[in-house]
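Chain identifiers are assigned alphabetically (A, B, ...) following the order of the sequence lines, protein sequences preceding nucleic acid strands; residue numbering begins at 1 within each chain.
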Amino acid sequence: MAFHLKDVTLTPDRPTTLLLRKHSDYLAKYGTDSEDFEYNMTEYLRVSGIYWSLTAMELMGYSHRMPKEEIIKFITTCQNKENGGISACYPHDPHILYTLSAIQVLTMYNRLDAIDVEGVVKFVASLQQKDGSFSGDKWGEIDTRFSFCAVMCLSLLKRLDAIDVDRAANFVISCMNFDGGFGSKPGSESHAGLIYCCVGTLSICKRLDAVRINRLAWWLAERQMPSGGLNGRPEKLPDLCYSWWVLSSLTIINRLHWIKKDKLENFILACQDAETGGFSDRPGDIPDPFHTLFGIAGLALLGNKTIKPVNPVYCLPQETIDRLKLEPQMYKH
Amino acid sequence: MSDSGDSDVAWTYYKDRPEWSDVTPVPEDEGPNLVVVIAHSDKFVDVYDYFRAVLQNNERSERALHLTKDAVELNPANYTVWQYRRDLLKALGTDLRSELEYVELVIKNSPKNYQVWHHRRVLVEWLQDPTQEMELTGDALMQDPKNYHAWQHRQWAIKTFGLYEKEMDFVDNLISDDVRNNSAWNQRYFVVNNHLGWSDLNVQREICYTLEKIKFIKNNESAWNYLRGVLIHDKRGLTGNAVVTSFCEELYKNKCRSPYLLAFIIDICDEAVKKGEVNLLHSATRAVALCQALAGKYDKIRSKYWNYMCEKFKKAAEQEEIDREAANNIDDE
């Protein structure tokens, strides 16, 4: 029988312990390094970059190393005065992705007063389509990612009443595939990242009843490779960010115990850069804030006690979610 | 991400172009310390300083349109550049056919970029002409048969303009090239589900097709998943289709122990138990044995899952036992 698996090999010299201090150095320094060309290329997603860095810092207990007041002031400048949406960075156009990141950051700081909340609510509501789906901006690209951004954003603002929640959930349910997974649109292939978005949406909308729990959980458990890492679709290479997308989905549907936690932990630790700090997609690659957050948050879901608990739906510290008294639906059985 | 182009000797900076002397460049907003801005390549800084200037002035001109091309070349993921470019195309009444050719080139260089594919879709919508879309996506899928963006665009074009006719042949070629290509199997489902329909004949044809492919490579998650997907539409279920059950038992008899085969037989057992149609081959007892074999030998990495399933069947077996005894007692009375 041909076992033709796409996977990576973990080498003996890989990091095997969690280098928290190094990661906080990496994130504190990110963007202040004048040699960093990559950073300049990321202007168009800057608010999200702040969300990844700040959330990782919060979970590690190092958020005091982030320039709080400057971040808040910066986000204020990103809000569009006309339509209320928030852009990655002035003068870009507002987009639901950055609107959510901004709300997540301000929620962690408990500083929603820094923006016009009613403007955000109007912007998000304006993106809902007749079939319940959401576009990302005025150009109308439709994707279940945007459904998740919209409901998460409005639930953090306690304004889910501004949209048609039933239709929002029903659109996401219409993206469920024969294998129990979800894609970006009806008929699109199942993909672990989009499964997280869809399961997260249904959790916030309290419609987990529509999920074929065991079928989906098995598909997700199948994502674990012999290296311990998780891939996002069959026959693809493992990537650290799926540690978050698969683990959070499995946590929401109460099936986290179906994968081998110790092997996954080894894989996540191996994705650390022992010299610079930070996590990369696969062992040996260049680190970035995106993978650093999902490495830290993944370890938190695996129960690492040196990291604060993370909420599997909102990807925010659990203490933030508790303060807001939010209770996303979690499958109990 | 394209090269910053510093080695491009023929390049003239915008700040040195007489036809741009009336525009004052707008440098990037400094933002918080965290996001202090730095050493872009000189060309990058020059182009984006002028881009910000025309964007702020909302300039509608040919030179602005040309500037967006340079900006795209430096960073095709910058969504604001594309949005502004579309505004310009509309305002200037530019020939959209040449724009189609242009975006095709950009797609060839950046095939995994949300913005370029969305731009393509908007153009096709404006022109209401999908004649090139099958070839364009076909080429992209030749390069990377799992490119999610290309598949989304292809499904959109097929659905919107009814281009199903030759799609089964296309899918068949891809599956013949790589029988483990999950995206191609998903597309197969998409075509049957949206176009051919799940008539009894089609269900049987799809089953035969899939079994042939499994015979070729047994350890193929995608094909087994597809088989389950097809059988959702078979009124007789998993247990009632003799072609499927005897195929599985034949493989098993010939010593095939692919986890997917064993998992499938477990599903057959599960259905038999639920329908109360337990037989010699398909019972809770056999399911227990198969789960144990998977947990202990054939799929150790998912041993937690198989142990969980095992417990479920143990309860079912015990329950049957109780039911049988209860039935006997009633007979006795």
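The contact between A/D93 and chain B is made by backbone and side chain atoms together, counting heavy-atom distances below 4.5 Å. In this structure, chain A has heavy atoms under 4.5 Å from both the backbone and the side chain of B/S183. Contact annotation for A/L194: only side-chain heavy atoms (C-beta onward) come within less than 4.5 Å of a heavy atom of chain B. Heavy atoms closer than 4.5 Å to chain A are found in both the backbone and the side chain of B/Y148. Looking at A/K263, the atoms closer than 4.5 Å to chain B (heavy atoms on both sides) all sit in the side chain, from C-beta outward.
Between the side chain of A/E235 and the backbone N or O of A/R233, no donor-acceptor pair lies under 3.5 Å.
Across A/M225 and A/K6, no two heavy atoms sit closer than the pair SD-O, 3.4 Å.
In terms of heavy-atom pairs under 4.5 Å with chain A, the best-connected choice from B/Q56, B/K159, B/R86, B/M309 is B/R86. Ranking B/Q155, B/K304, B/Q83, B/R228 against chain A, the residue ahead of the rest is B/Q83, based on heavy-atom pairs under 4.5 Å. Ranked by heavy-atom pairs under 4.5 Å with chain B, the first of A/S87, A/C78, A/G183, A/P234 is A/P234. When A/S190, A/G136, A/S184 are compared by the number of non-hydrogen pairs under 4.5 Å with chain B, A/S184 comes out ahead. Interface check for chain B: of the options A/K73, A/E69, A/Q224, the most heavy-atom pairs under 4.5 Å are formed by A/Q224.
Cation-pi geometry between B/R154 and B/W156 is not met at under 6.0 angstrom from the ring centre and within 45 degrees of the axis. Cation-pi contact between B/K300 and B/W306: absent, since separation from the ring centre below 6.0 Å together with deviation from the ring axis within 45° is not met. A cation-pi arrangement, defined by a distance under 6.0 Å to the six-membered ring centre and an angle within 45 degrees of its axis, is present between A/R255 and A/W258. For the pair A/R212 and A/F178, the cation-pi criterion (under 6.0 Å, within 45° of the ring axis) is not fulfilled. A cation-pi arrangement is present between B/R257 and B/Y252 under the rule of less than 6.0 angstrom and at most 45 degrees off the ring axis.
Ionic pairing of A/D143 and A/K185 is not present here: no N-O contact between side-chain nitrogen and carboxylate oxygen is shorter than 4.0 angstrom.
Of all residues spanning residues 186-195 of chain B, those with a heavy atom less than 4.5 Å away from chain A's heavy atoms are B/N186, B/Y189, B/F190, arranged by number.
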